[in-house]
There are 2 protein chains.
Amino acid sequence: MTGLADIARAAGVSISTVSRVLNRRAGVNEATRQRVLGVLADLPYTPRGLGALQRTGVIGLLVPELSNPVFPAFAEALETRAARAGYGSLLCNTRSASLRADGADHNGESRELVEEEYVRMLLARGVEGMVFVSPEITNAEDGGAGYYGKLLADGVQMVFVNGGAPALDVPDVTVDEQVAGYLATRHLVELGHRRIGFVCGPARSLPSRLKRAGWSAALEEAGLPADPGLIAHAPYGAAGGATAMSALLDGPRPSAVICSSDHMALGAMREAHRRGLSVPAELSIVGFDDIPLAAYCSPALTTLAQPIEEMARAAVDELVQRLNPAIRRGGGSYSRVFRPKLVVRESTAPPS
Amino acid sequence: MTGLADIARAAGVSISTVSRVLNRRAGVNEATRQRVLGVLADLPYTPRGLGALQRTGVIGLLVPELSNPVFPAFAEALETRAARAGYGSLLCNTRSASLRADGADHNGESRELVEEEYVRMLLARGVEGMVFVSPEITNAEDGGAGYYGKLLADGVQMVFVNGGAPALDVPDVTVDEQVAGYLATRHLVELGHRRIGFVCGPARSLPSRLKRAGWSAALEEAGLPADPGLIAHAPYGAAGGATAMSALLDGPRPSAVICSSDHMALGAMREAHRRGLSVPAELSIVGFDDIPLAAYCSPALTTLAQPIEEMARAAVDELVQRLNPAIRRGGGSYSRVFRPKLVVRESTAPPS
DNA sequence: TTGTAGGCGTTATCAG
DNA sequence: CTGATAACGCCTACAA
């Protein structure tokens, strides 16, 4: 409730002077400054509103969910990098149904609507630019050209992480999911496995489709059949992993599986143990993401690490550069893809 | 770049009319409305700035970190509840050093400064109220009376979750940490354990101190000594859990341990396995939080669940009620404490 | 060094 | 039903 005007009145100066003191600008008499500061110390002033300022020093971060630790990890990394560049971050959870670990579709509202809602909210709050992590735009019929194209045309700066929109001229930073699927599978092939299953996320999810392509490619390369019976789809998350693993184990048993996420892998491992199967002796498991816990479960999880820090750095730096009015290139296409890294731990071994 | 004025000009109407159409307010001729909508469909308009708006329908959520899954879980629960009440949420990660899972103190900046920075940012962005999860204010010398007292005096509405500020007249919603420590320990006592260790978070952290009090109480009740050698402190997080467990196992070996968080518990379990100790046959472990993964590790973790949904519900509802100008009680003290619930799974058993 | 005046993009008010 | 006009709370010339 207390505004600049109240402070000014109490200190017997003008609003401009208070503003100057607040913004630590030069050109204020020390005595005056102290008087204002004194009033400020007494009165409960809290700045509100945007004013005529253009640069707010705030960017928006949009993640599809928070249950999968990868997204908090991305959020932290992005935030840290942004802070280093002098930007504050506002985080939004768009609750993307198809990516949720629990597979739940919250109160039926379309996710795209939720994301649009958040974008609108952020923009209205004076955010200068936005980073979309795993945007589902990619899945929209028009590739997001409609809504996001408009934003783009209006000069809103954005960057996509793990999920570009080919139809749009937006810079994107991605991990190569196909290579991830390939590397995971090849690791198992090299260990000597012949029946390699895939505990896969929802079929409609692009990352899962890409990993599947990598999985097929590695199998083909090894002269092994990519039997559709070797794939089981389920929601991301541990419960989904257990479900999919169970389905796979009910059929002709694979000696190894790759999974769409570490959470799924942990669920799969749990299901294997539940059935009395020893990991990795009787079943090898590869995860994806390299969440912190992957190194601290038993057996420690072999997985593919996304270079989260580097990706966050690339994304934020690109956004910040575009935010600089001096540079602001016309939105030229920019795309960086990072190679996932195989981290071999204890959950994989040659077949018995 | 495109503003209300541009749309108005293109549609041949006044700014007010465009605003009315945008806000779905009644009293606009359908034909006019359609004309404006038509222009809106063509021009890339994106609303910016707060204007003279008072009610923004947005609240702020501040969490100390995102590495511990509890905080993302709280964030999601709070957000979901807020959405149901018609409020959007802006999430801020205040990177509280002392609570971080990795124990890292980011670039030396005082956390309190970071939190103040975020509060200022949120307020400037027109947030109506805020929920602080595990605020470190509690640890401030003045109990946060200075800075937060000012906010309070200025009519800023806030609610604390898990960490009240007794000096302040702010409603708070907490889980009873002391009871948590007590219940975990009693469970082990009832199982027949006599040497019960504590894989504990940082000594300066209030939740850890409270859990310790509960642990002592339960031991005393059972006529067992609360030997200081039975406690090992470490940063929250799996790595810390492993470190602390290791320290404990180097001394006279306890037959069971309770842990400050599930992440620590998982780290402790890992360390036990590394040393060839079987859980729960040779060592029982109790966690705290009941993160989703607790049910999906091997052995599944016995833990104390925080009623996150209920707590989120209580916190948001209280805040929203105070936001309603019709009610807005004078900030009367309000405090709700929830009882943690023991979830027995497979990581605890009678001593061998 | 200080204050006045003007601007930002929006909503609220009131006259027509 | 519509459009001036004032207001919001802030920042930034420009002038004193």
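Order of the sequence lines sets the chain letters (A, B, ...), proteins ahead of strands, with each chain counted from 1.
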Please determine whether a side-chain nitrogen or oxygen atom of [X] lies at a distance below 4.0 Å from atom OP1 or OP2 of [N].
X       : N      : value
B:Ser19 : C:dT11 : yes
B:Thr17 : D:dG3  : yes
A:Tyr45 : D:dG9  : no

Rounding to a whole Å, what distance do you find between [X]:[atom1] and [N]:[atom2]?
X        : N      : atom1 : atom2 : answer
A:Arg125 : D:dG9  : CZ    : P     : 15 Å
A:Asn23  : D:dC10 : CG    : C1'   : 9 Å
A:Arg48  : D:dC10 : CZ    : P     : 8 Å
B:Leu4   : C:dA12 : CG    : C1'   : 13 Å
B:Leu22  : C:dT11 : CG    : P     : 7 Å
B:Ile7   : C:dT11 : CD1   : C1'   : 17 Å
A:Asp6   : D:dC8  : CG    : P     : 11 Å
B:Leu123 : D:dC8  : CG    : P     : 18 Å

Next item on the list: Can you sort out which residues in residues 24-36 of chain A have a heavy atom within less than 4.0 Å of DNA chain C? Ascending by number, please.
Entry: A:Gly27, A:Val28, A:Asn29, A:Thr32

Compare every heavy atom of [Y] with every heavy atom of [X], then report the nearest pair and how far apart it is.
X        : Y        : answer
A:Ala75  : A:Leu61  : O-CD2, 4.0 Å
B:Thr2   : B:Pro44  : OG1-O, 3.6 Å
A:Tyr118 : A:Cys92  : CD2-SG, 3.3 Å
A:Leu122 : A:Gly60  : CD1-CA, 4.1 Å
A:Pro135 : A:Gly163 : CG-O, 3.0 Å

Below 3.5 Å between N/O atoms, which protein atoms pair up with nucleotides 14-16 of chain D? Just atom names and distances, please.
none

Quick one, [X] and [Y] - any side-chain contact, counting heavy atoms below 4.5 Å?
X        : Y        : result
A:Tyr45  : A:Val18  : no
B:Val28  : B:Arg25  : no
A:Phe132 : A:Val119 : yes

Item checked: Electrostatic pair A:Glu309:A:Arg313 at N-O distance under 4.0 angstrom -> no

Next item on the list: Using a strict 4.0 Å threshold on nitrogen-to-oxygen distance, state whether A:Glu30 and A:Arg33 make a salt bridge.
Entry: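 Judged by the 4.0 Å cut-off on N to carboxylate O distance, A:Glu30 and A:Arg33 do form a salt bridge.
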
Next item on the list: Using five pairs at either end of the helix from C:dT1-D:dA16 to C:dG16-D:dC1, determine the angle between the two local helix axes and round it to 10 degrees.
Entry: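 For the helix from C:dT1-D:dA16 to C:dG16-D:dC1, the axes at either end differ by 40°.
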
Notebook entry, point to check: Of the options B:Asp317, B:Val316, B:Leu323, which is the one that meets B:Leu319 in a side-chain contact (heavy atoms from CB on, under 4.5 Å)?
Noted result: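 It is B:Leu323, the one option of B:Asp317, B:Val316, B:Leu323 that forms the side-chain contact (heavy atoms from CB on, under 4.5 Å) with B:Leu319.
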
Next item on the list: Measure from the side-chain N and O atoms of B:Glu128 to the backbone N and O of B:Gly57, and report whether any donor-acceptor pair falls under 3.5 Å.
Entry: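 Looks like yes, one N/O pair under 3.5 Å.
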
Check: For the base of C:dT11, is there a side-chain donor-acceptor partner from B:Ser16 under 3.5 Å away?
Finding: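 Such a pair does not exist between side chain and base.
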
